[in-house]
Amino acid sequence: MSLQQEIAKRKTFAIISHPDAGKTTLTEKFLLFGGAIQTAGAVKSNKIKKHATSDFMEIERQRGISVATSVMSFEYKDMLVNLLDTPGHKDFAEDTYRTLTAVDSVVLVIDCVKGVEEQTERLMEVCRMRNTPVIIFINKMDRDGKNPFDLLEELEKKLNIKTQPLSWPINMGRDFKGVYNIHHKSLLKFQANQKATDEDLVSLPDLNTHDIVELVGEKDAATLREEMELIMGVYDSFDKEEYRKGNLSPVFFGSAVNNFGVKDLLDTFIEIAPSPIPRMTDTREVLPDEKKFSGFVFKIHANIDPRHRDRVAFLRVCSGTFERNTFYLHTRLEKNVRFSNPYTFMARDKNIVEDAYPGDVVGLFDTGNFKIGDTLTEGETMFYTGIPSFSPEIFKELVNNDPMKTKQLEKGIRQLTDEGVAQLFTQHGGNRKIIGCVGELQFEVIQYRLLQEYGAACSFRTLPYYKACWIQGDEQKVQDFIRFKQSNIVQDKEEHLVYLAESEWYLNTERRNNPEIKFFITSDFKHEL
Ligand code: G4P
C-alpha cells in the first residue's frame with residue numbers, strides 16, 4: 001500500500017467527556033463494533049476508579065494497566081481507527097489536553113440529564129484553540145433528561161460552538177422510542193433492555209406518510225413532524241467542510257449502555273472525520289504524505305512501581321514512515337536515536353512494529369531522553385508546535401526537607417516535570433520553586449516519587465494563587481510590572497515570564513492597569529486572555 005493509501009485509511013481521534021457521562025461505555029461499544037474486544041466489560045475493568053482520589057498508588061497501578069489501553073486501534077469498514085484514551089480522572093486533565101494535540105478529531109459525550117458540565121467546557125476550549133473537528137453524542141436518552149432543543153442551545157452557549165443535529169430523539173426516559181436519522185431519513189426504534197440491531201432500522205423518506213404513525217403512534221408522530229419542520233427551517237444541509245474546519249459540530253442522540261445510536265455515530269464518524277491532517281512546526285507546515293518521517297512525543301508514562309521502573313514515550317507519527325531500528329534526529333538534544341522495540345497497540349495487545357504511518361501512535365521505551373513535545377525527524381531541525389502548557393489550578397511551594405539532598409531534589413523535580421506530571425515555576429530573580437498542578441493527587445505522586453526515585457524528601461506549602469498567565473509586552477512596561485508585582489512573578493522552565501494571580505479580581509485589575517502588557521492563558525503566547 002502506498003503512503004497516501006495508508007494515510008487515507010487512518011482516523012485518529014479521542015473520546016472526551018465529563019466523568020460519568022459515558023466515555024468508557026461508548027469506547028467499549030466502538031471496540032466491540034471494531035472486533036477489537038469480544039466481551040463487554042473489557043475496557044471497564046481497566047478504568048481508573050474516579051472516586052478513589054485518596055489512594056494514588058492504586059490509581060497509579062491502574063494507570064499502569066491503562067497504558068496498554070492508551071491507544072486502541074481497530075479496523076472498521078476498511079478503515080484503521082486509532083482511538084486515543086484520555087484519563088477520566090479530573091486530576092489527570094493535563095494528560096487529556098496533551099492527548100488532544102495528537103488527534104485529528106474528537107467525539108464529545110454529553111449526559112442528557114446533566115447537560116454541559118465543567119470539564120466539558122475546559123476540554124472544548126482546548127479543541128476550539130486547535131480548531132479540532134468535534135462530533136457530539138448526547139448519551140443516556142433512556143433517562144429523563146433535558147429537552148433536546150434546550151440541550152442544543154446550552155451546547156452552543158456554553159461551549160461557544162455551532163451545532164447541527166444529524167439525528168433526533170423521539171421522547172426520552174421511559175417514553176424513549178428511538179432516534180430519527182435526519183441525514184439518512186431512517187428511524188431506529190428503541191426497545192428497553194433490548195440491544196438495537198440493523199433490523200430495527202426503518203427507512204422513512206417521507207414523515208408525512210402513515211408509516212411513522214404505525215411505528216411510534218399518532219401523538220409522537222405529530223411531534224416528530226413538527227420538530228423536524230422546525231429543524232429543517234433552521235439548519236441548511238450538513239456541510240462536512242465546516243465540520244472539518246472545526247466550525248460546526250454534528251450532534252447525535254443515543255444510549256451507549258444500550259448500544260443504541262452508537263453504530264450510527266461510528267458510521268458517520270468513519271464517513272466524515274478527517275484522516276491525518278497537516279501539522280505546524282516552528283519553521284513550516286508538515287504534510288502527512290511527505291516522504292520523510294517526523295513525529296512528536298505527546299505523553300510520557302512512567303511506571304512508579306519499583307519492580308517495573310520503565311518509561312514509555314508516546315509518539316504521534318505526523319509524516320512519512322516510521323521504521324524500527326532506524327536512526328532519527330532528536331531535534332532538541334541534537335542527537336540521533338533509534339528504537340529496537342517500538343510498539344503499537346491492537347486493543348489490549350502490544351505489538352512490536354516494523355513501521356508506522358501518519359496518524360499512528362508508537363510507544364517508545366525511554367531512559368530519560370524525552371520530554372513532552374520533543375520532535376523526531378529524518379534530519380531536519382524543527383519542532384512541532386501546539387503543545388502548550390495551560391494554567392495549573394493549584395500552586396504550592398516545594399520545600400526541601402533534607403538539605404543534604406538538594407541536588408537530587410532539583411534533578412528529580414526537573415525530570416518529573418519534563419514528563420508532564422506538573423509544571424515547575426521558579427521565582428523571578430530567586431530560587432524558590434513553585435509547582436503547579438491540576439489536582440491534589442499530583443502533589444502526592446511527586447512527593448512519593450521524589451523520595452522513592454531520587455531519595456529526596458520534600459513537602460509543600462500552599463500558595464494563594466488561582467491562575468498563571470504568561471506575560472509579554474513593551475520591555476520597559478514589563479520591567480515596571482515585574483518590579484511592582486515582584487512576589488507574583490515567576491519563570492517557567494523555558495524562562496518565560498509568568499504572572500501568578502491571587503484571584504480574578506487581581507488579574508482583571510492588573511490587566512486594566514497595564515494595557516501595554518498582554519496576558520496569555522497558554523505558554524506558547526498564542527491565546528490571549
Ligand atoms: P465515563 O467513562 O464517562 O466516566 O462514564 P462511564 O462509561 O463509566 O459511565 C458512567 C455510568 O453511566 C455507568 O454507570 C454507565 O453504565 C452509565 N451509562 C453509560 N451510558 C448510559 C446510558 O446510555 N444510559 C444510562 N442509563 N446509563 C448509562 P455506573 O453505575 O457508574 O457503572 P456500572 O456499574 O453501570 O458499570
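For reference, positions follow the sequence shown, starting with 1. Values below: all heavy atoms of this structure, side chains included; hydrogens, waters and symmetry mates excluded. The shown structure was predicted, so the numbers you read here are calculated from the model rather than taken from an experiment. As the structure lists them, so they are numbered: ligands from 1, and atoms in each ligand from 1.
Under the 30°/60° scheme for interplanar angles, the aromatic rings of F13 and F30 are found to be tilted. The aromatic rings of F443 and F460 sit perpendicular to each other, their planes meeting at more than 60°, with 30° as the lower class boundary.
Residue A256 has at least one heavy-atom neighbour below 4.0 Å for each of these atoms of ligand 1: 20 (N), 23 (O). Close approach of ligand 1 to T25 (heavy-atom distance below 4.0 Å) involves ligand atoms 6 (P), 7 (O), 9 (O), 15 (C), 19 (C). Of all atoms in ligand 1, numbered sequentially from 1 with element shown, those under 4.0 Å from a heavy atom of S255 are 22 (C), 23 (O), 24 (N).
Close N/O approach between P19 and ligand 1 is not found [any backbone or side-chain N/O within under 3.5 Å]. For G22, a nitrogen or oxygen atom sits less than 3.5 Å from a nitrogen or oxygen atom of ligand 1, counting backbone and side chain alike. Taking distance alone, with nitrogen or oxygen atoms compared against 3.5 Å, A21 approaches ligand 1 more closely than that limit. For ligand 1, the polar-atom distance check against N258 finds no nitrogen or oxygen pair separated by under 3.5 Å.
N82 and S73 share a donor-acceptor pair across their side chains, judged by distance under 3.5 Å alone.
Residue pairs meeting the side chain to side chain donor-acceptor pair (under 3.5 Å) criterion with at least one partner in residues 120-134, sequence neighbours excluded, are Y97-R122, R122-E393.
Of the heavy atoms in K23, both backbone and side-chain atoms come closer than 4.0 Å to ligand 1. At a heavy-atom distance under 4.0 Å, only side-chain atoms of N139, from C-beta outward, approach ligand 1. Of the heavy atoms in S17, only side-chain atoms (C-beta onward) come closer than 4.0 Å to ligand 1. Counting heavy atoms under 4.0 Å from ligand 1, residue D20 touches it through both backbone and side chain.
Only one option out of K9, R10, K11 pairs with E75 in a salt bridge (charged side-chain N to carboxylate O under 4.0 Å, His left out); it is K9.
In this comparison of Q119, K140, H18, E28, the heavy atom closest to atom 18 (N) of ligand 1 sits on K140.
With sequence neighbours left out, the side chain to side chain contact (heavy atoms under 4.5 Å, CB included) criterion links T268 to L166, F252, D264, I272.
Taking a 6.0 Å sphere around CG of D78, one finds it holds 12 or fewer heavy atoms contributed by other residues, nucleotides or ligands.
Between F253 and F137, a ring centre-to-centre spacing not shorter than 6.0 Å is recorded.
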